[in-house]
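Down below is the structure, laid out as structure tokens.
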Number of protein chains: 2
Amino acid sequence: MPETRRALGADGLVTLKELALLGALDGTEKLSCSDLAGRLDASTQTASRRLQRLDEEGYLERDIVSDGQWVEVTTAGERRLQAEYADYRRLFERDAGVSLTGVITSGMGEGRHYITLSGYMRQFTELLGYEPYPGTLNIDLTEESVRRRAHLGAIEPITIDGWEDEERTYGPAYCYPATIIAEDRYEPAHVIAPERTHHGDDHLEVIAPDRLRDTLGLQDDDEVTVDVEQR
Amino acid sequence: MPETRRALGADGLVTLKELALLGALDGTEKLSCSDLAGRLDASTQTASRRLQRLDEEGYLERDIVSDGQWVEVTTAGERRLQAEYADYRRLFERDAGVSLTGVITSGMGEGRHYITLSGYMRQFTELLGYEPYPGTLNIDLTEESVRRRAHLGAIEPITIDGWEDEERTYGPAYCYPATIIAEDRYEPAHVIAPERTHHGDDHLEVIAPDRLRDTLGLQDDDEVTVDVEQR
DNA sequence: ATTACTAAGCACCGAGTAA
DNA sequence: TTTACTCGGTGCTTAGTAA
């Protein structure tokens, strides 16, 4: 469990969510402590202190001006809210899979580099039951699928541990069993994503035993559907 | 805002969510205070106290036995979690509408009785811009749509206030602007739902200016889609 | 009007203990 | 083992105040 989850108390989470609902997720939002105090049903002092703490803990950026302050939830804050959202999705939508659509793109080929590293490849073989083709299928998601991507949080992933060599560390990743559906064919595969994904990331990478461009007859700009299954 | 939202503190909510994740939403779940303490990263005393409070406040049913306790989240507890879930959906899926499908049913005709009461009808005329046909179209939702129904929480409803006469009180209701799509026709309408809806309710009621069975040519067991729009 | 400090109070926490 | 009590300490909250 990331340390950030520990640093943020229950009250901090409630406050952060309230700020996000006020619009501080999408950009900077102007408010005063008494605004927030009203929403939290607490004193202005408490609102002030909560804002200070969230700032100190790195969940909030603040710019204090004479008649209030401009606040914006940081990436860390958004991650925390996403994690919470995933919990609730697990509660109320545990049976639902996630279906994402997008078009094939060449991407930047960096996925290929990472998955072929032995530290990852060894785990793929063990946890997925096959040795992936040394490259990733890159998909640019539609706008709606970008939003739905968050629903992956409700699905139990296969966790690929991070590791390190002499030079650097390599972060953990999640694998989600999926079916890739092209015009007239489909193949089992896995969506692979870094443990930490941002809200708004429109890119999806897929691995499979064989080269999916061949087995599915795909080329750039072809549309595919990725059905991620609940295990 | 319902008073229950005030009674449950931030820590209580965290605890309730944890219990739900453990399975106490679907039925009775056995656990001990030390189990819960571990998950909450707190002492067994705190776990014990939190369980007591949730019980007292009506969010939890408990049955204490010699080697632990059986717990189950109550309807009030589930409502509270649903409300929280709706907040998170509002954060991360504010642009998405909800599409529900089901089949026409005769229902029990009780919707007709309520909506024709002047206390409601007056508000419909003012807030929806039309005087509804004095009856509701009743739809039995598919299993998947029953789950998706929860997503209505992410949509800003038109709120119909509750009221009372000499004899009894009538609860508030939510209206959601929607398009009802039949085989070959569609009509603008509103989904109407009591403010407090249960998880698992498979029934949907729709009102419109004219009798939808006529304008859409519908009869029992016909399939319709209800597209609820984000305003 | 703001934000945020200080100080007093209260609630919550966990250790110890009982049943 | 359990649950849950008492009790002492800590930390959060609010009132008052400063800037």
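A, B, ... follow the sequence lines: proteins, then strands. Residue 1 opens every chain.
- Using a 4.0 Å cut-off, no side-chain N or O of A:Gln45 falls inside it from OP1 or OP2 of D:dT17.
- A:Ile155 approaches A:Glu229 most closely through the heavy-atom pair CG2-O, 3.8 Å.
- Donor-acceptor pairing under 3.5 Å is lacking for the side chains of A:Arg148 and A:Ser145.
- Here the side chain of B:Gln69 is nearest to one of D:dT3, C:dG16, D:dG16, namely D:dT3.
- The interatomic distance linking A:Leu54 (CG) with C:dT3 (P) rounds to 15 Å, in whole Å.
- Taking atom CD1 of residue A:Ile64 and atom C1' of nucleotide C:dT2, one finds them 10 Å apart after rounding to whole Å.
- The nearest whole Å value for the distance from the CG atom in B:Asp67 to the C1' atom in D:dT3 is 12 Å.
- Residue-level contact check: A:Ser48 touches the bases, meaning some heavy atom is under 4.0 Å from a base atom.
- When distances run from any side-chain atom of A:Ser34 to the nucleotides C:dG14, C:dC13, C:dT2, the shortest one goes to C:dT2.
- Atom CG in B:Leu8 sits roughly 12 Å away from atom P in C:dC12 (whole-Å rounding).
- Between B:Leu51 atom CG and D:dT2 atom P the separation is 13 Å, expressed in whole Å.
- Using a 4.0 Å heavy-atom cutoff across all strands shown, A:Thr46 reaches at least one base atom of the nucleic acid.
- In this structure, the side chain of B:Thr15 engages the main chain of B:Asp11 through a donor-acceptor pair within 3.5 Å.
- Listed pair A:Arg50 / C:dA4 fails the phosphate criterion, with no side-chain N or O lying under 4.0 Å from OP1 or OP2.
- With rounding to the nearest 0.5 angstrom, the SG atom of B:Cys33 is 8.0 Å from the CD atom of B:Gln52.
- Between B:Arg62 atom CZ and D:dT2 atom P there is a gap of 15 Å when expressed in whole angstrom units.
- OP1 and OP2 of C:dA4 both lie 4.0 Å or more from every side-chain N or O belonging to A:Thr44.
- Heavy atoms only, all atoms of each residue included: B:Pro132 and B:Met121 are closest at CD-SD, 3.4 Å.
- For the pair A:Ser43 and B:Leu31, both in contact range of DNA chain D, the more 5′-proximal nearest nucleotide belongs to B:Leu31.
- Side-chain N/O atoms of A:Arg53 include one lying less than 4.0 angstrom from OP1 or OP2 on D:dC12.
- Rounded to whole angstrom, the span from the CD atom of A:Gln52 across to the P atom of C:dT2 amounts to 16 Å.
- Here B:Arg49 does not reach the OP1 or OP2 of D:dT3: none of its side-chain N or O atoms lies under 4.0 Å away.
- Taking atom CG of residue B:Leu36 and atom C1' of nucleotide D:dT2, one finds them 14 Å apart after rounding to whole Å.
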